[in-house]
Amino acid sequence: MSEQKTVRGYKVFNPDWTCRGVQYQVGECYEMDRKPVVCEKGFHFCKKLVDCYDYYKFNDKNKVAEITAYGDIDIDQYGKKCCTNKIKIEKELKRHEVLAMVNIGENCTGIKNTGNNNSGDYNDGNYNSGDYNDGNYNSGDHNIGDYNSGDYNDGNYNSRNHNSGDHNSGDYNDGNYNSGDYNIGDYNSGHDNIGNHNSGHYNIGHYNSGDYNTSNFNNGCFNTKTIKIKMFLFNQLSNWTLKDWYNSEAKRILDGYVSVSPVEKTKEEIFEQQQQNWNQLSQQEKDIVMAIPNFDKAIFKEATGIDVDKGVMKHEKDC
């Protein structure tokens with residue numbers, strides 16, 4: 001559509017103040033004796049600065065100016081892109097002015113952010129270096145959760161893509177703490193698992209290290225019922241199965257009150273913290289752990305850093 005009136009707007013130029021072969025200068029007027037047609041002929045501009053970047057890269061080296069269109073004006077069907085046959089370059093906009101105008105959020109170096117402190121673009125959340133994030137502190141793109149370096153995640157702390165759970169390094173996971181891909185359950189390091197705690201692939205059951213198991217606690221493949229295989233404990237064959245271990249009070253105590261996550265910790269730091277946690281257990285809890293079949297103090301210390309005798313008060317008669 002075409003109209004004729006004075007309109008204020010914005011125009012982006014190359015670093016040398018050229019655009020489409022025309023050399024411009026701040027404060028000067030430019031005119032052509034032709035009817036303007038968007039994308040064909042005329043001096044192009046947008047009424048909103050942010051709309052300019054639908055057609056130009058958001059390059060901090062490019063020049064940006066406020067303009068006034070005095071001549072005939074043609075506007076595209078979306079009402080964004082305009083052109084005129086008479087234009088004045090009013091004043092240059094500094095970078096901080098541009099950033100304030102193209103972002104609703106504050107302290108953003110990206111574009112079209114409604115959140116704050118974003119260096120990426122199109123973020124509703126805050127502190128994102130990626131783009132199109134609703135969450136916060138994302139370096140990936142299209143995340144709804146927080147602290148994701150992957151893309152398209154609804155969860156948090158994901159380094160890969162398309163996860164709705166948390167702490168996944170694989171792709172397309174609905175569960176949590178998965179390092180494999182296409183898992184619906186939790187704590188899987190394998191692929192295509194529907195169950196939980198699987199290190200194998202294509203398991204529907206739980207706690208499988210083998211593949212294609214619909215039952216639980218199997219390290220073989222294609223099992224439809226749980227095979228009760230005795231497991232090694234403290235380097236010796238025990239009378240416990242893997243299921244016995246997972247259901248044990250000892251495991252619950254160690255997992256809940258003693259064991260330390262290895263994230264950003266050295267082996268020495270982990271062992272030191274686990275020793276401190278162990279010392280805070282009640283004697284009853286310690287006795288439950290030390291009742292694990294084949295329990296060996298030296299092996300336990302080598303595996304966990306915990307000296308079960310450390311901090312134990314001796315009776316006077318034993319001194």
_Less than 6.0 angstrom from the centroid, inside 45 degrees of the normal: does K11 satisfy that with respect to the ring of F43?_
no
Just wondering, more than 12 heavy atoms not from [X] lying within 6.0 Å of its [atom1]?
X    : atom1 : result
Q284 : CD    : no
K297 : NZ    : no
F13  : CZ    : yes
D60  : CG    : yes
K86  : NZ    : no
N219 : CG    : no
E106 : CD    : no
K301 : NZ    : no

*Could you go step by step and tell me if R20 and H44 meet the side-chain contact (heavy atoms from CB on, under 4.5 Å) rule?*
CA-CA 10 Å; R20 300 184 69 172; H44 288 81; 2.7 Å; yes
For residues [X] and [Y], determine if any side-chain heavy atom of one lies less than 4.5 Å from a side-chain heavy atom of the other.
X    : Y    : answer
I75  : K47  : yes
M101 : Y10  : yes
R95  : L99  : yes
K63  : V12  : no
F217 : H206 : no
N156 : Y147 : no
T84  : Y70  : no
T304 : W278 : no

Side-chain heavy atoms under 4.5 angstrom apart, residues restricted to Ile, Leu, Val, Met, Phe, Trp, Tyr: same cluster for [X] and [Y]?
X    : Y    : answer
L237 : F295 : no
L49  : V38  : no
I299 : M290 : yes
Y55  : V102 : yes
V308 : V289 : yes

When the ring planes of [X] and [Y] are compared, do they come out parallel, tilted or perpendicular, using 30° and 60° as the limits?
X    : Y    : result
Y152 : H142 : parallel
F300 : F234 : tilted
Y53  : F58  : perpendicular

_Closest contact, heavy atoms only, V26 versus K91_ = CG1-CA, 3.8 Å
_Is it the case that the side chains of N216 and T226 hold a donor-acceptor pair, with the cut-off being a distance below 3.5 Å and no angle test?_
no
*For N107 and N116, run side-chain hydrogen bond (donor to acceptor under 3.5 Å, both in side chains): C-alpha distance rounded to whole Å, both residues' side-chain angles, the deciding distance at 0.1 Å, then the answer.*
CA-CA 6 Å; N107 301 318; N116 304 318; over 6 Å; no
*Candidate pair D146 and Y137, rule side-chain contact (heavy atoms from CB on, under 4.5 Å), full reasoning*: CA-CA 6 Å; D146 305 328; Y137 298 95; 5.5 Å; no
*Could you point out which residue of D131, D121, D54 forms a salt bridge (charged side-chain N to carboxylate O under 4.0 Å, His left out) with K112?*
D54
*Could you tell me the separation between the CD1 atom of I306 and the CG atom of L254, rounded to the nearest 0.5 Å?*
7.0 Å
*Would C19 and Y56 count as a side-chain contact (heavy atoms from CB on, under 4.5 Å) if you check the C-alpha gap in whole Å, the side-chain angles of each, and the deciding distance to 0.1 Å?*
CA-CA 11 Å; C19 180; Y56 297 90; 3.6 Å; yes
_Assess the residue pair N153 and N143 against the criterion (side-chain hydrogen bond (donor to acceptor under 3.5 Å, both in side chains)); give the C-alpha distance rounded to whole Å, side-chain angles, the decisive distance to 0.1 Å, and a yes or no._
CA-CA 5 Å; N153 295 296; N143 296 293; 3.1 Å; yes
*Give a yes or no answer on whether the side chain of N138 reaches the backbone of G140 with a donor-acceptor pair at less than 3.5 Å.*
no
*Please walk me through it: do E66 and E97 pass side-chain contact (heavy atoms from CB on, under 4.5 Å)?*
CA-CA 11 Å; E66 287 185 5; E97 294 176 301; over 6 Å; no
*With ring pair (Phe, Tyr, Trp, His ring centres under 6.0 Å) as the test, would you mind laying out the steps for Y182 and H191 before giving the verdict?*
CA-CA 6 Å; Y182 302 96; H191 308 300; 8.1 Å; no
